[in-house]
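Scroll down for the structure; my scribbles are underneath it.
Chain letters run A, B, ... following the sequence lines, proteins first and then strands; every chain starts at 1.
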Protein chains: 2
Amino acid sequence: MSFHKHLRIYEDLITPYDQIRSGFISLALEKNKKATPFIEEAKALKVLASRAKDPKELLTINNINDALLTAAGISGKAKNHLRESDKQEAIRNLLENFLEPSGNSFIDELVYRFLLTRGDALGGRIRNLAGALGLWGFTRVFISTCSVRGLNLQYLDIKSQHWMAYNFEPEIEKQVKGLHWISDHHERTLIYNLTVPTVKKNVDICLLNASPHDITLGKNKDSAHYQSENYLALGELKGGIDPAGADEHWKTANSALGRIRKAFSDQNCYPKMFFIGAAIADHMAQEIYQQLNDRRLTNAANLTNEEQVVSLCDWLLNL
Amino acid sequence: MSFHKHLRIYEDLITPYDQIRSGFISLALEKNKKATPFIEEAKALKVLASRAKDPKELLTINNINDALLTAAGISGKAKNHLRESDKQEAIRNLLENFLEPSGNSFIDELVYRFLLTRGDALGGRIRNLAGALGLWGFTRVFISTCSVRGLNLQYLDIKSQHWMAYNFEPEIEKQVKGLHWISDHHERTLIYNLTVPTVKKNVDICLLNASPHDITLGKNKDSAHYQSENYLALGELKGGIDPAGADEHWKTANSALGRIRKAFSDQNCYPKMFFIGAAIADHMAQEIYQQLNDRRLTNAANLTNEEQVVSLCDWLLNL
DNA sequence: TAAACTCGAGTAA
DNA sequence: GTTACTCGAGTTT
């Protein structure tokens, strides 16, 4: 069985401690970079708000209404669910309960509360970035594995949505929405984050037995990705490094994989399924290994272990 | 089937829009309250840090080392995974890349970066609170349902870990780790967030056919909760209101319920299973309803619909 | 440096 | 406004 090439025992899947440490360090570095614009926002808010002599005057200043709402503890997400009157009420509460009681220092109070809410926003953005970093890491390994084989690659550019020839551009992984190659006269296309019509859900990594010419993303029902038979393999990738989230996110992935399996088997299709995770803890490693043994999963790898990921990519190239 | 008392069609499970709006408003109010100590921290940091003439001098000030680390973008969680040298490196980066370049305003830069990180911390704390609020809401309904029946209740006090008689104390729900009553000469004990030995996992709500005398929490293997046969029902409760999280967290709950079902059936035990969620979207409502129909679940309710929760509590009281 | 819980801060389609 | 993705900020035991 394919996974045996890189996994002898279930413990091989467990993330080594040092990878966790270095994962958190990388993430903190990214966070600091992304923090700068948030700091600039706060400085700008301080300048604008300083024109007000007292909290009530803040309401008369142009362009700080959104910032007031933010300082009132309303996230962008929450804002989407509020009515105009709710927003005004929130700002009124901010003034009454927090800014007016702080007297002369109401500007600092405002800016500080603004930053607290924005800090949560920054955290959210970083969590998305962490997921992207995981996928980029996988892509780098995948491309290298192809290069070793001397395969010609095309990639689907995420921005232009056009297929381009790959020519060893650095940081190409950040542009890749899909990859295409020909192997043993078979057309193969890998697509990331594809809404698979069979399951009506997004799947992180999909390997299709199809040429890019036959695939038009979007809701074109003639596209090859509308045919269940064209799917060779589907995988979930979890790029997060936090061990406290490992089991939580594996449970999610497990349900997602179950939905995929069910939807395809309802069509009498049985594509291979795989899981790649950066944070893998003991108990979930056992569950994953169990699923490999009973064929619910065909392959799995720890994203922090390059050898495992190479072996998994090699397996994908052989499908 | 018991769920039919409050669910006629799967759509009955879907959260009405207005509940989402009011849920976000309540959460923002809680967040503002909890934000105040974070603001105080920042003010204190500003005072202490202002003793430094330049960024390097910050290193000589007592008691602000943790705050420097926080300003360097290291969360409490990340800190747990770092070595001492990593922490010093992080602080060095903060000074070099962000504080020194900002010249005279390095104090504000420091405090602002501190607040960004703390804002993420506040968000985390609020997410925990949101879960507790959900459980408290369930508890209030459960207690009311018992009161209507004229049942005498004991509750397990979360702090003292002792069982006490319930006498209509206000806000009692915040103290409740478990409830006990006698119904038709049967001893019944409900325990929250119990690590169920059968599954070796925590379960949100467990109904045991046992008296409190027979239960000692912790790892006493003579306790009634070590016997799979003593479990009448186990349920997952998801108190979050965010519709964007609804499917995500249902997938987690679904895997958790699957593990429970598997662990008990391996012991030839088949306790009832149930799900209560505050944010229920269309597709997951269909999945839940399907599981009710095929008996994987015996009951389910939308936490924002009091009638549904009362009916579910009534069912628990009849088990 | 265990293990498994809380949930919404973002994001994209 | 829909749906479902990203994942770690806390927390407890």
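Using a cut-off of 4.0 Å between Lys/Arg side-chain N and Asp/Glu carboxylate O, Asp157(B) and Lys174(B) are scored as not salt-bridged. With salt bridges taken as basic N to acidic carboxylate O contacts below 4.0 Å, none links Asp247(B) and Lys201(A). By the 4.0 Å N-to-carboxylate-O rule, Asp204(A) lies too far from Lys238(A) to be salt-bridged with it. Ion pairing between Arg21(A) and Asp86(B) holds under the 4.0 Å rule for side-chain N and carboxylate O.
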Side-chain donor-acceptor distances from residues 123-131 of chain B under 3.5 Å, at least two apart:
residue   : atom : partner   : partner atom : Å
Arg127(B) : NH1  : Gly123(B) : O            : 3.2
Arg127(B) : NH2  : Asp120(A) : OD1          : 3.0

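Taking the six-membered ring for Trp and thresholds of 30 and 60 degrees, His81(A) and Tyr17(B) have ring planes inclined between 30 and 60 degrees apart. Ring orientation note: the planes of Trp250(B) and Phe275(B) are nearly perpendicular, at an angle over 60° on the 30°/60° scale.
Counting non-hydrogen atoms under 4.0 angstrom, Gly240(A) reaches the backbone sugars and phosphates but no base. Residue Lys34(A) is classed as having no contact, given no heavy-atom separation below 4.0 Å to the nucleic acid. Using a 4.0 Å heavy-atom cutoff across all strands shown, Gly131(A) reaches sugar-phosphate atoms only and no base atom. As judged by a 4.0 angstrom heavy-atom cut-off over every strand, Gly119(A) is placed among residues making no nucleic acid contact. Backbone-only contact: Leu27(A) has heavy atoms under 4.0 Å from sugar-phosphate atoms and none from a base. Within 4.0 Å (heavy atoms only), Asp204(A) reaches sugar-phosphate atoms of the nucleic acid but no base atom. Counting non-hydrogen atoms under 4.0 angstrom, Gly76(B) reaches the backbone sugars and phosphates but no base. Tyr192(A) comes within 4.0 angstrom of nothing in the nucleic acid, heavy atoms only. At a threshold of 4.0 angstrom between heavy atoms, the contacts of Lys31(A) are confined to the sugar-phosphate backbone, with no base atom among them. Residue Gly239(B) is classed as a sugar-phosphate contact, given heavy-atom separations below 4.0 Å to backbone atoms only.
Atom CD1 in Ile276(A) sits 9.0 Å away from atom CG in Leu135(A) (nearest 0.5 Å).
Taking side-chain N and O atoms only, Arg125(A) has a distance below 4.0 Å to OP1 or OP2 of dT11(C). At least one side-chain nitrogen or oxygen of Ser75(A) sits closer than 4.0 Å to the OP1 or OP2 atom of dA9(C).
Closest approach to the Tyr17(B) side chain among dG10(C), dG8(D), dG1(D) is made by dG1(D) (side chain taken as heavy atoms from C-beta onward). For Lys177(B), whose side chain is taken as the heavy atoms from C-beta onward, the closest listed nucleotide among dT13(D), dT11(D), dC7(D) is dT13(D).
Taking atom CG of residue Leu156(A) and atom P of nucleotide dA13(C), one finds them 11 Å apart after rounding to whole Å. In this structure, CD of Glu30(A) is placed 18 Å from C1' of dA9(C), rounded to the nearest angstrom. If you measure from atom CG of Leu82(B) to atom P of dG8(D), you get 14 Å, rounded to the nearest angstrom. Between Trp136(B) atom CH2 and dT6(C) atom P there is a gap of 15 Å when expressed in whole angstrom units. What separates CG of Asn193(B) from P of dG10(D) is a distance of 20 Å, to the nearest Å. The CD1-P distance, from Ile280(B) to dA4(D), rounds to 14 Å in whole Å. Look at CD1 on Ile205(B): it is 11 Å from P on dT6(C), rounded to the nearest Å. Atom CD1 in Ile126(A) sits about 11 Å away from atom C1' in dA9(C), given to the nearest Å.
Of the residues near DNA chain D, Ala121(B) and Leu129(A), the one whose nearest nucleotide (by heavy atom distance) lies more toward the 5' end is Leu129(A). In terms of position on DNA chain D, the residue among Ile158(B) and Asp242(B) whose nearest nucleotide sits closer to the 5' end is Asp242(B). Ranked by how close their nearest DNA chain C nucleotide is to the 5' end, Lys238(B) and Asn80(B) are led by Asn80(B).
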Mind listing the N/O atom pairs, protein and nucleotides 2-4 of chain C, below 3.5 Å?
residue : atom : partner   : partner atom : Å
dA4(C)  : OP1  : Lys201(B) : NZ           : 2.7

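The environment of Lys34(A) atom NZ is sparse: at most 12 non-hydrogen atoms of other residues, nucleotides or ligands sit within 6.0 angstrom.
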